[in-house]
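Worksheet for the structure shown next.
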Amino acid sequence: MSEKMIPILPCRTLRPVLDFYAALGFETTFQQRSPNPYAVVRRGGIELHFFGMKQYDPAGSYSTCLVATEDVDGLHEEFRAGLKAAYGRVPVRGLPRIGPLKDMSYGVRQFLMTDPGGNCIRVVRRTSEDLHHRPAPAGTFARALHHASLLADSKEDLAGAARVIDRALGAEGEEPTRVQLLQLLVLRADVAGRLGDEEAAASALVRASEVRLAAEERDRARDSLARLEELRAAARP
């Protein structure tokens, strides 16, 4: 079979998008300015096409595509390094941005990145043959983390994710484990930053930084700890 499917994604202008993908190690293999702006970028087996629309609003974009890989951790590390070199820091909010690595409840390990055109590239490694959403786990804090992660990363309902986390952390008579507390606070800081709520983001970052973990706990919380460092770096003047 020789079929191949390639997404064609919108943007307002090509140059910021091409610069973004160049920072990720992509090569621009084709570009035209007329009769319509159009370009192609390629990195290994990943090929993306873009077309320009002057009236396009990247902030209101719903365009997305999926990149399947066997090395999602390696790509995340390489992309972060490339973006830091190009932008001076890893962009974690606004456009463009790159999200954290996460083990999701539907059989993938993934990260999301959004280019200057507002296109969300979902990079995944399958961890299960079953891609259905798993039931929410038992327990107030595990369940809150489950639902808040889905709201933030699958539905882009940032305000809903914030409400779920705040409700769980405000529960009386129950205490999260230290790993759960760190995970919830890091996600809360991430969500607040993307909402533009700097005060809530700063408060959650301070609280997360104060959580002390044992070595075994740090291993289980490695993704959240990595995201915490990215968010702290982004918050520095």
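In terms of the ring-ring contact (aromatic ring centres under 6.0 Å, His included) criterion, residue partners of Tyr21 (sequence neighbours excluded) are, by chain and number, Phe26, Phe50. Partners of Ser63 according to the side chain to side chain donor-acceptor pair (under 3.5 Å) rule, which considers only residues two or more places apart in sequence or in another chain, are Ser61, Asn119. Residues passing the side chain to side chain donor-acceptor pair (under 3.5 Å) test with Asp103, sequence neighbours excluded: Arg109.
Among pairs with a residue in residues 139-177, none fulfils ring-ring contact (aromatic ring centres under 6.0 Å, His included), at least two apart in sequence or across chains. Screening residues 128-143 for side chain to side chain donor-acceptor pair (under 3.5 Å) gives Ser128-Arg134, Asp130-His132, Thr140-Glu174 as the qualifying pairs, with residues at least two apart or on separate chains. Screening residues 159-173 for side chain to side chain donor-acceptor pair (under 3.5 Å), with sequence neighbours left out, gives Asp166-Arg188.
Under a 3.5 Å cut-off, the side chain of Arg12 and the backbone N or O of Tyr56 do form a donor-acceptor pair. Put simply, the side chain of Glu229 never gets that close to the backbone of Ala226: no donor and acceptor are under 3.5 Å apart. Judged by distance alone, with hydrogens and angles left aside, the side-chain atoms of Thr127 form a donor-acceptor pair with the main-chain N or O of Gly107 at under 3.5 Å. A donor-acceptor contact shorter than 3.5 Å is absent between the side chain of Arg97 and the backbone of Leu112. A donor-acceptor pair under 3.5 Å links the side-chain atoms of Thr69 to the main chain of Asp71, judged by distance alone.
Separating the CG atom in Leu48 from the CG atom in Asp115 is a distance of 8.5 Å, to the nearest 0.5 Å. Here Leu184 contributes atom CG and Ser224 contributes atom OG; the two are 9.0 Å apart, rounded to the nearest 0.5 Å. Considering CZ of Phe51 and CG of Leu14, their distance stands at 10.5 Å, rounded to 0.5 Å. Annotation: the span from Arg207 atom CZ to Leu205 atom CG amounts to 11.5 Å, rounded to 0.5 Å. Atom CZ of Arg178 sits about 6.5 Å away from atom CG of Leu213, to the nearest 0.5 Å. With rounding to the nearest 0.5 Å, the separation of OG in Ser149 from CE in Met104 is 5.5 Å.
Put simply, the side chain of Val211 reaches to within 4.5 Å of the side chain of Leu185, judged on heavy atoms. Two residues are said to be in side-chain contact when any heavy atoms from C-beta on lie closer than 4.5 Å; Leu182 and Leu228 meet this criterion. In this structure, Val206 and Arg232 have side chains that are not in contact, with every pair of non-hydrogen atoms separated by 4.5 Å or more. At a threshold of 4.5 Å between non-hydrogen side-chain atoms, the residues Arg80 and Ile98 count as touching. Side-chain atoms of Asp190 and Val92, non-hydrogen and from C-beta on, never get closer than 4.5 Å to each other. Side-chain contact between Glu47 and Val40 is present, with heavy atoms from C-beta onward closer than 4.5 Å. Within the 4.5 Å cutoff, no side-chain heavy atoms of Glu27 are placed close to those of Arg43. Side-chain contact between Leu151 and Val164 is present, with heavy atoms from C-beta onward closer than 4.5 Å.
Hydrophobic cluster membership differs between Val108 and Leu187, with clusters built from Ile, Leu, Val, Met, Phe, Trp and Tyr side chains linked at under 4.5 angstrom. The hydrophobic cluster containing Tyr106 does not contain Val67, counting ILVMFWY residues as joined when their side-chain heavy atoms lie under 4.5 angstrom apart, directly or transitively. In terms of hydrophobic clustering, with Ile, Leu, Val, Met, Phe, Trp and Tyr side chains grouped at heavy-atom distances under 4.5 Å, Leu24 and Leu75 are assigned to a common cluster. Tyr87 and Val17 end up in the same hydrophobic cluster when Ile, Leu, Val, Met, Phe, Trp and Tyr side chains are linked at under 4.5 Å. In the hydrophobic clustering of ILVMFWY residues, with side-chain heavy atoms under 4.5 Å counting as a link, Leu231 and Leu95 come out apart.
Glu230 has no carboxylate O lying under 4.0 Å from a charged side-chain N of Arg93, or vice versa, which leaves the two without a salt bridge. Ion pairing between a basic and an acidic side chain is recognised when a charged N comes within 4.0 Å of a carboxylate O; Asp223 and Arg227 show no such pairing. Salt bridge present: Asp153 and Lys102 bring a charged side-chain N and a carboxylate O closer than 4.0 Å.
Within 6.0 Å of the OH atom in Tyr62, the count of heavy atoms belonging to other residues, nucleotides or ligands does not exceed 12. Surrounding CD of Glu77 are at most 12 heavy atoms belonging to other residues, nucleotides or ligands under 6.0 Å away.
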Does the pair His49 and Tyr38 meet the rule for a side chain to side chain contact (heavy atoms under 4.5 Å, CB included), with working shown? CA-CA 7 Å; His49 292 213; Tyr38 197 93; 2.8 Å; yes
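With no hydrogens or angles considered, no side-chain donor-acceptor pair links Glu78 and His76 at under 3.5 Å.
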